[in-house]
Amino acid sequence: MVRVRYAPSPTGMPHVGNIRTALFNWVFARHHGGQFIVRIEDTDRNRYVEGSEAAILNSLRWLGLDWDEGPEVGGPHAPYYQSQRLEIYQRIAHQLVEEGKAYKCFCSQEELEQMRAQQRAEGAAVTMYDRRCRRLTPAEVKAREESGIPYVIRFKMPLEGTVEYEDLIHGRTVFQNKLTDDFVMLKSDGYPTYHLANVVDDHLMEVTHVLRGDEWISSMPRHLNLYMALGWEPPKFAHLPLLLGPDKQKLSKRHGDVEFTEFIRKGYLPEAMFNFLAICGWNPGDDREILTREEIIQLFSLERVSDNPFVFHHDKLLWMNGYYIRHLPKEELIERCIPFLQEAGLIPKELDAATRAYVEKVVPLEQEKMKLLSDAPKLLDFFFTDDYPIDEAAVRRWFGEPHIPQMLEELIRRYEALEPFTAPEIERVTREVIAWLGVKGGEVIHPTRVALSGRTTGPSLFEMIEALGKPRVLQRLRRAQSWIIR
RNA sequence: GACCCCAUGGUCUAGUGGUCUAGGACGCCUGGUUUUCAGCCAGGAGGACGGGGGUUCGAAUCCCCCUGGGGUCACCA
């Protein structure tokens with residue numbers, strides 16, 4: 001039975017790279033008919049960010065990544081919050097001390113800083129804990145404990161030898177033990193560090209595969225040695241390629257929009273995000289890139305996960321989102337656009353039947369142009385309000401043309417009498433006006449569009465006129481008469 | 001700096017010794033369609049596969065070195 005886990009730390013808003021890791025774990029579990037566990041690694045009391053856990057869980061739900069064990073749903077290995085499992089880590093840490101595999105370190109922050117400064121002064125490019133407390137005699141330890149000096153528990157890294165493992169993505173990797181210092185397992189506040197808590201929980205929760213970012217590779221000697229010291233069989237490891245910013249640095253806040261909730265807010269579709277995240281470092285082995293969730297689950301394999309870092313460019317995501325929007329059934333598109341139109345204040349929170357019908361008529365007109373659901377308000381504002389931007393340059397371009405006064409007059413006269421007020425009929429009479437004026441189609445169509453929407457681009461004109469409705473059209477055409485430049 | 005990871009057009013990726021004069025996608029350009037934009041359709045530019053050595057009849061594909069980029073070196077995860 002495959003068991004994987006996503007182990008976020010509630011120290012900030014979730015990040016795309018982080019959610020990508022969650023998605024890979026979820027897909028891997030579902031592919032193998034295994035279980036997906038969510039475990040909250042809230043062991044850093046200083047960096048805890050209120051609300052981030054909810055944001056993380058909501059992001060998973062939004063993407064449709066359901067978890068078999070974890071917060072809210074519980075499970076056989078509860079609790080799934082590390083802050084509620086402190087006794088376990090403490091017990092194990094002290095057990096390792098008793099077995100001589102770990103030791104108490106009484107060095108203060110100041111002392112450590114001093115040590116590092118000293119090492120740097122001596123020309124060391126990198127500092128390493130000098131293991132001074134590892135050499136303390138039992139009597140010295142006892143004395144310090146009795147005088148109440150706070151301590152941490154450090155793991156005794158082997159001073160020589162190597163550890164190696166077979167990474168499911170990178171292959172065999174070897175590390176020299178002497179290069180890693182005696183890392184802290186248990187902090188002086190009694191909380192475990194990532195290394196301890198992670199190893200302990202992955203073992204206790206019977207995790208079979210650890211899929212996490214490449215940045216963790218360098219922690220492998222710690223984790224491997226811990227597993228050995230505890231006499232536990234380590235799970236299989238697969239380190240996923242890092243997501244990079246356009247400058248090839250590890251993706252972070254300074255690269256702009258990387259907060260996952262920001263993508264949700266902007267109007268990306270969950271199915272598009274799911275698809276895109278899945279191909280961030282993975283491919284099905286053929287030319288397909290647009291894949292359904294089912295296809296991804298079915299085709300997923302760690303062998304097809306790339307081992308080179310992935311530069312995250314928004315272009316392609318945006319394209320893919322537009323693709324998914326274009327392929328959305330109309331009713332679906334309408335439902336998803338409504339909240340964005342409400343948010344923009346274009347329609348009320350409570351929709352009456354007439355407004356709803358109007359929305360249903362208008363939204364599909366711009367479906368193919370939308371890249372984001374949040375484009376809807378910008379694209380459609382003039383349908384809902386008279387307070388929309390007017391392209392002044394376009395007005396100057398058209399409203400000095402000699403045929404405009406007559407054109408407006410004719411259009412108003414004919415539209416007013418037109419029944420039914422439908423696109424084909426509107427097109428018919430508009431073309432009559434064009435013929436009557438003896439001008440090219442565009443010379444009527446373009447200025448009319450400007451008169452009705454304030455801009456030079458938009459939906460197909462006749463459909464747009466039908467949707468706007470006769471009263472609004474007449475009112476705007478009359479207003480446009482005041483724009484005429486003589 | 002040390003250790004580790006990575007190296008195919010701007011970006012993502014296919015490619016696991018010959019079928020590659022390197023395929024696909026995004027982006028870019030051109031043309032077509034159309035009342036505009038978008039979309040759609042059709043074309044196009046852009047890589048001698050980071051460099052150098054090998055191995056081999058034959059290498060983008062295997063090996064070595066170099067170079068470049070990245071990650072990690074906390075009582076953060």
Side-chain angles (χ1 to χ4, degrees), chain A residues 7-12 18 41-44 46-47 105 107-109 112 116 123-129 150-154 167 169-170 173-176 178-181 183-195 197-198 212-221 239 241-242 244 246-250 276 279-290 304 306-320 322-323 326 366-371 379 394 427 430-431 434 440-446 448-450 453 455-462 464:
Chain A
S9 167
T11 51
N18 202 268
E41 308 220 326
D42 51 350
T43 56
D44 187 339
N46 302 319
R47 294 200 312 153
C105 167
C107 296
S108 65
Q109 296 286 5
L112 290 173
R116 291 189 190 106
V126 69
T127 62
M128 204 166 164
Y129 179 58
Y151 63 86
V152 301
I153 292 181
R154 286 183 186 270
D167 194 288
I169 291 168
H170 296 285
T173 309
V174 185
F175 303 88
Q176 290 175 266
K178 67 175 180 202
L179 266 16
T180 299
D181 63 3
F183 62 93
V184 174
M185 297 184 338
L186 199 69
K187 308 178 210 176
S188 55
D189 63 2
Y191 277 65
T193 60
Y194 172 86
H195 307 298
N198 202 264
R212 58 185 2 173
D214 266 354
E215 73 266 30
W216 290 108
I217 293 178
S218 46
S219 293
M220 283 306 291
H239 289 95
L242 248 25
L244 269 29
D247 60 355
K248 310 274 180 109
Q249 308 278 311
K250 192 171 151 186
F276 187 75
I279 61 170
C280 283
W282 171 82
N283 73 78
D286 54 36
D287 286 340
R288 283 179 294 174
E289 291 194 310
I290 298 288
R304 298 220 60 91
S306 163
D307 48 11
N308 40 351
F310 185 97
V311 178
F312 191 92
H313 275 275
H314 286 73
D315 308 19
K316 191 155 186 175
L317 205 209
L318 199 58
W319 162 78
M320 190 174 277
Y323 178 92
R326 270 176 261 130
E366 292 287 47
Q367 178 164 18
E368 57 198 18
K369 212 170 298 172
M370 281 184 218
K371 293 261 195 290
L379 254 15
E427 172 156 16
T430 306
R431 298 224 179 261
I434 291 167
K440 288 186 194 156
E443 291 178 273
V444 165
I445 287 167
H446 299 316
T448 302
R449 178 187 302 289
V450 174
S453 68
R455 62 196 73 171
T456 59
T457 67
S460 167
L461 184 70
F462 308 114
M464 177 178 122

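First the proteins, then the strands, lettered A, B, ... as listed; each starts at 1.
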[atom1] atom, [N] versus [M]: distance in rounded Å?
N: rU11(B); M: rG50(B); atom1: P; value: 12 Å
N: rC12(B); M: rC6(B); atom1: C1'; value: 15 Å
N: rA48(B); M: rU21(B); atom1: P; value: 15 Å
N: rG31(B); M: rA45(B); atom1: C1'; value: 15 Å
N: rC3(B); M: rC65(B); atom1: P; value: 13 Å
N: rA7(B); M: rC64(B); atom1: P; value: 14 Å
N: rU30(B); M: rG46(B); atom1: C1'; value: 15 Å
N: rA59(B); M: rG53(B); atom1: P; value: 13 Å

Where the side chain of [X] is concerned, which of [options] is the nearest nucleotide?
X: T457(A); options: rU36(B), rU13(B), rG70(B); value: rU36(B)
X: W319(A); options: rC26(B), rA38(B), rC4(B); value: rC26(B)
X: D307(A); options: rG70(B), rC4(B), rA7(B); value: rA7(B)

Test: R288(A) and D286(A) ion pair at under 4.0 Å:
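Looking at D286(A) together with R288(A), the answer is yes, because their closest N to O distance falls below 4.0 Å.
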Are any of the side-chain nitrogens in K440(A) or E443(A) under 4.0 Å away from the carboxylate oxygens of its partner?
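So K440(A) does not pair with E443(A) through a salt bridge.
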Reckon T180(A) touches a base, only the sugar-phosphate, or nothing at all at heavy-atom distances under 4.0 Å?
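Result for T180(A) = nothing.
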Just call it for V444(A): base, sugar-phosphate, or nothing, with non-hydrogen atoms closer than 4.0 Å on any strand.
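The answer is nothing, as V444(A) stays clear of every strand by at least 4.0 Å.
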Return the nucleotide paired to [N]: Watson-Crick means purine N1 to pyrimidine N3 with N6-O4 or O6-N4, wobble means G-U with N1-O2 and O6-N3, both under 3.5 Å.
N: rA2(B); answer: rU72(B)
N: rU36(B); answer: none
N: rG9(B); answer: none
N: rA42(B); answer: rU30(B)

Should the ring pair F312(A) and H314(A) be called parallel, tilted or perpendicular, given that the plane angle runs from 0 to 90° and is split at 30 and 60?
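Ring orientation, 0 to 90° scale: perpendicular.
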Show the numbers, then the answer: is there a side chain to side chain contact (heavy atoms under 4.5 Å, CB included) between F276(A) and L318(A)?
CA-CA 10 Å; F276(A) 187 75; L318(A) 199 58; over 6 Å; no
Check this one for me: any side-chain N or O of [X] less than 4.0 Å away from OP1 or OP2 of [N]?
X: N308(A); N: rU8(B); value: yes
X: K316(A); N: rU13(B); value: no
X: Q249(A); N: rG70(B); value: yes
X: H313(A); N: rG27(B); value: no
X: K248(A); N: rU11(B); value: yes
X: N283(A); N: rA14(B); value: yes
X: R288(A); N: rA14(B); value: no

Look up atom [atom1] in [X] and atom [atom2] in [Y], then write down how far apart they are to the nearest 0.5 Å.
X: T448(A); Y: M464(A); atom1: OG1; atom2: CE; value: 9.0 Å
X: R431(A); Y: F462(A); atom1: CZ; atom2: CZ; value: 4.5 Å
X: S218(A); Y: H239(A); atom1: OG; atom2: NE2; value: 8.5 Å
X: L242(A); Y: K248(A); atom1: CG; atom2: NZ; value: 13.5 Å

Output all residues satisfying side-chain hydrogen bond (donor to acceptor under 3.5 Å, both in side chains) with Y194(A), sequence neighbours left out; order by chain, then residue number.
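Y194(A) satisfies side-chain hydrogen bond (donor to acceptor under 3.5 Å, both in side chains) with N198(A), R212(A) once adjacent residues are dropped.
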What is the separation between atom [atom1] on [X] and atom [atom2] on [N], rounded to the nearest whole Å?
X: F312(A); N: rC26(B); atom1: CZ; atom2: P; answer: 17 Å
X: L244(A); N: rG10(B); atom1: CG; atom2: P; answer: 17 Å
X: F310(A); N: rA7(B); atom1: CZ; atom2: P; answer: 15 Å
X: D214(A); N: rC6(B); atom1: CG; atom2: C1'; answer: 8 Å
X: I279(A); N: rC12(B); atom1: CD1; atom2: P; answer: 12 Å
X: R212(A); N: rC5(B); atom1: CZ; atom2: P; answer: 15 Å
X: D315(A); N: rC12(B); atom1: CG; atom2: P; answer: 12 Å
X: Y323(A); N: rG27(B); atom1: OH; atom2: P; answer: 14 Å

If you apply the rule side chain to side chain contact (heavy atoms under 4.5 Å, CB included), what do you find for M220(A) with D167(A), and how did you get there?
CA-CA 10 Å; M220(A) 283 306 291; D167(A) 194 288; over 6 Å; no
On RNA chain B, check which nucleotide each of A125(A) and V174(A) is closest to and give me the residue with the more 5' one.
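Closer to the 5' end of RNA chain B: A125(A).
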Pairwise N/O distances under 3.5 Å, protein to nucleotides 74-77 of chain B:
{"residue": "rC75(B)", "atom": "OP1", "partner": "R116(A)", "partner atom": "NH2", "Å": "3.2"}
{"residue": "rC75(B)", "atom": "O2", "partner": "S188(A)", "partner atom": "N", "Å": "2.8"}
{"residue": "rC75(B)", "atom": "O2", "partner": "S188(A)", "partner atom": "OG", "Å": "2.8"}
{"residue": "rC75(B)", "atom": "N3", "partner": "S188(A)", "partner atom": "OG", "Å": "3.0"}
{"residue": "rC75(B)", "atom": "N4", "partner": "C107(A)", "partner atom": "O", "Å": "3.2"}
{"residue": "rC76(B)", "atom": "OP2", "partner": "K187(A)", "partner atom": "NZ", "Å": "3.0"}
{"residue": "rC76(B)", "atom": "O2'", "partner": "D44(A)", "partner atom": "OD2", "Å": "2.9"}
{"residue": "rC76(B)", "atom": "O2'", "partner": "R47(A)", "partner atom": "NE", "Å": "3.4"}
{"residue": "rC76(B)", "atom": "O2'", "partner": "R47(A)", "partner atom": "NH2", "Å": "2.9"}
{"residue": "rC76(B)", "atom": "O2", "partner": "R47(A)", "partner atom": "NH2", "Å": "3.3"}
{"residue": "rA77(B)", "atom": "OP1", "partner": "T43(A)", "partner atom": "OG1", "Å": "3.0"}
{"residue": "rA77(B)", "atom": "OP1", "partner": "K187(A)", "partner atom": "NZ", "Å": "2.7"}
{"residue": "rA77(B)", "atom": "OP2", "partner": "Y194(A)", "partner atom": "N", "Å": "3.1"}
{"residue": "rA77(B)", "atom": "O3'", "partner": "E41(A)", "partner atom": "OE1", "Å": "3.3"}

For nucleotides 28-35 of chain B, give me every protein contact, N/O to N/O, under 3.5 Å, one pair per line with atom names.
{"residue": "rU35(B)", "atom": "O2", "partner": "R449(A)", "partner atom": "NH2", "Å": "2.9"}
{"residue": "rU35(B)", "atom": "N3", "partner": "L461(A)", "partner atom": "N", "Å": "3.2"}
{"residue": "rU35(B)", "atom": "O4", "partner": "S460(A)", "partner atom": "OG", "Å": "2.5"}

Hey, mind stepping through I217(A) and F175(A) against side chain to side chain contact (heavy atoms under 4.5 Å, CB included) and telling me if it holds?
CA-CA 10 Å; I217(A) 293 178; F175(A) 303 88; 3.9 Å; yes
T43(A)/T193(A) under side chain to side chain contact (heavy atoms under 4.5 Å, CB included): CA gap, chis, key distance, verdict:
CA-CA 7 Å; T43(A) 56; T193(A) 60; over 6 Å; no
